[in-house]
Amino acid sequence: METLGHLAHGFSVAFTPVNLMWCLLGTTLGTAIGVLPGLGPALTIALLLPITYQVAPEASFILFAGIYYGAMYGGSTTSILLNTPGESATIVTALEGNRMARSGRGGAALATSAIGSFVAGTLGTLGVAFLAPVVVKFALSFGPAEYFSLMVLAFITVSAVLGSSSVRGLTSLFVGFVIGLVGVDLQTGQPRFTFGMSQLLDGVDVIVVAVGLFAVGETLYMASRRYAGKDEIVPLRGSLYMTAAEWARSWKAWLRGTLLGFPIGALPAGGAEIPTFLSYAIEKKLSKHKEEFGTVGAIEGVAGPEAANNASAAGVLVPMLTLGLPTSATAAIMLSAFQSYGINPGPMLFMTQANLVWGLIASLFIANVILVILNLPLIGLWVRLLKIPAPQLYAGILVFATVGTYGISQSPTDLVILYLLGGAGFLMRRFDFPTAPVIIGMILWPLAEAQFRRAMTISNGDWSVFYKHPLSLTLLTLAFIGLIGPHIWAYVERRRRRGPEHVPGDA
């Protein structure tokens with residue numbers, strides 16, 4: 001009942017005309033960004049971070065959450081009609097959705113995607129509302145040692161999940177550590193990594209880093225691949241309504257996808273990729289129409305993964321709000337927005353910023369309703385966005401990134417850092433190094449360092465504080481397993497594939 005009371009208060013915040021306007025703007029912009037190939041919510045939110053200096057926190061996060069949810073919806077349009085996933089989480093949707101579009105059932109694929117996203121998004125948001133307070137109560141029992149161990153677990157798992165290899169992920173994470181150390185050490189008052197430049201004494205602004213890596217770096221990378229090939233847009237044929245048989249085949253897949261996506265998205269090593277692939281595998285196994293998979297397109301192969309994708313987007317908000325741990329690139333950018341307001345996500349957030357948290361959760365319910373209205377009747381409008389000339393699109397992004405960054409502090413130094421990091425972001429994308437761990441490392445390392453120092457001070461320099469506390473030891477053990485587990489698993493798989501070795505002399 002307490003949660004229902006908080007939700008009612010949240011709706012009173014979200015239903016104000018100004019916040020409704022920000023919600024509508026976020027969902028519309030997010031859908032448009034999701035439709036455009038190569039652009040995603042992380043890039044868009046990074047581009048809009050400078051508005052945090054002008055707008056109230058509630059309005060900013062309602063806007064960002066609308067963009068986040070909207071991009072999940074819009075990404076399915078590109079995957080189905082263009083066979084070009086805007087994000088890795090929509091790769092699976094393209095497998096069956098594009099085949100359905102080519103066989104004249106694109107309308108049904110888009111409909112099951114939109115309705116499944118609505119069902120999963122609504123159920124996932126309910127999960128955030130009712131699960132987050134439970135996690136908060138658990139997190140209040142954490143001491144400095146437990147928090148440091150939790151940060152170590154987040155560093156290991158998120159870097160492994162967001163990169164193509166743990167080595168690349170950890171390398172990106174280390175770069176974030178170094179950027180996070182720039183500035184004056186708050187405990188000793190000594191400058192670190194400033195190279196004698198007074199402009200760096202306050203550290204590198206996280207917004208400059210986020211915009212440089214995601215907006216500038218990603219744009220340069222997309223521009224460099226412009227002539228890699230031209231995709232064909234499949235014309236939308238048939239009705240956007242599903243038949244009774246298609247409804248019957250879809251609704252169970254929506255629920256199964258939601259049950260997979262939300263809990264995996266809420267894990268420190270979650271994300272949207274794992275549940276979407278699992279959902280596709282399960283639907284293929286359970287379907288009575290296996291012959292449609294990979295041929296004319298099976299509607300379950302669109303319904304389940306799309307629901308898993310949107311449910312995991314809701315799940316990602318749980319560790320971000322309750323523990324301050326981002327498990328996706330978008331969550332990392334949103335965490336940097338919290339920092340720009342001087343707000344630290346964690347267990348106390350629900351007490352100190354109740355208007356912000358519950359207004360944000362309530363706005364997600366509203367966003368889901370708006371998105372269904374936007375996505376089904378206006379699908380023709382979103383498809384036309386694919387005709388925007390690429391040079392104008394990329395130039396516009398770079399102009400907004402430059403103006404927004406300069407507007408933060410009117411410092412030419414920030415612009416130099418912006419484009420240096422943009423070049424670094426381009427090289428990272430070119431050589432398959434994930435950029436999200438850089439932001440995660442930059443944000444979380446100072447917090448981890450502070451908790452480490454606090455734990456060592458309380459224990460009088462006794463390192464055993466990290467393994468004498470059962471919860472801290474459990475978290476460090478999980479981090480160790482996350483670090484070496486994939487390598488052991490790969491070794492076992494290689495041995496299994498080779499089979500028993502032949503010994504000379506055996507009959």
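Applying the side-chain contact (heavy atoms from CB on, under 4.5 Å) test to V369 and every residue at least two apart in sequence or in another chain returns F118, I373. Every residue meeting the salt bridge (Lys or Arg N to Asp or Glu O under 4.0 Å) condition with R249, not counting sequence neighbours, appears here in chain and number order: E292, E300. Every residue meeting the side-chain contact (heavy atoms from CB on, under 4.5 Å) condition with A109, not counting sequence neighbours, appears here in chain and number order: I80, M100. Among residues two or more places apart in sequence or in another chain, the side-chain contact (heavy atoms from CB on, under 4.5 Å) test is passed with Q353 by I343, L349, L356. Not counting sequence neighbours, the partners of Y147 by the ring-ring contact (aromatic ring centres under 6.0 Å, His included) test are F142. I366 is linked by a side-chain contact (heavy atoms from CB on, under 4.5 Å) to F11, A14, F15, L20, C23, I370, counting only residues two or more places apart in sequence or in another chain.
Contact annotation: the side chain of L48 approaches that of I67 to within less than 4.5 Å [non-hydrogen atoms, C-beta and beyond]. Using a 4.5 Å cut-off on side-chain heavy atoms (C-beta onward), Y68 and V316 make contact. In this structure the side chain of L476 reaches within 4.5 angstrom of the side chain of V152, judged on heavy atoms.
With a 6.0 Å radius and a threshold of 12 heavy atoms from other residues, nucleotides or ligands, K290 has its NZ atom above the threshold.
Between S472 and E146, the side chains place no donor N or O within less than 3.5 Å of an acceptor N or O (distance only, hydrogens not considered). No donor-acceptor contact under 3.5 angstrom links the side chains of W22 and S363, judged on distance only.
Here CG of L110 is found 11.0 Å from CD1 of I115. Values are rounded to the nearest 0.5 Å.
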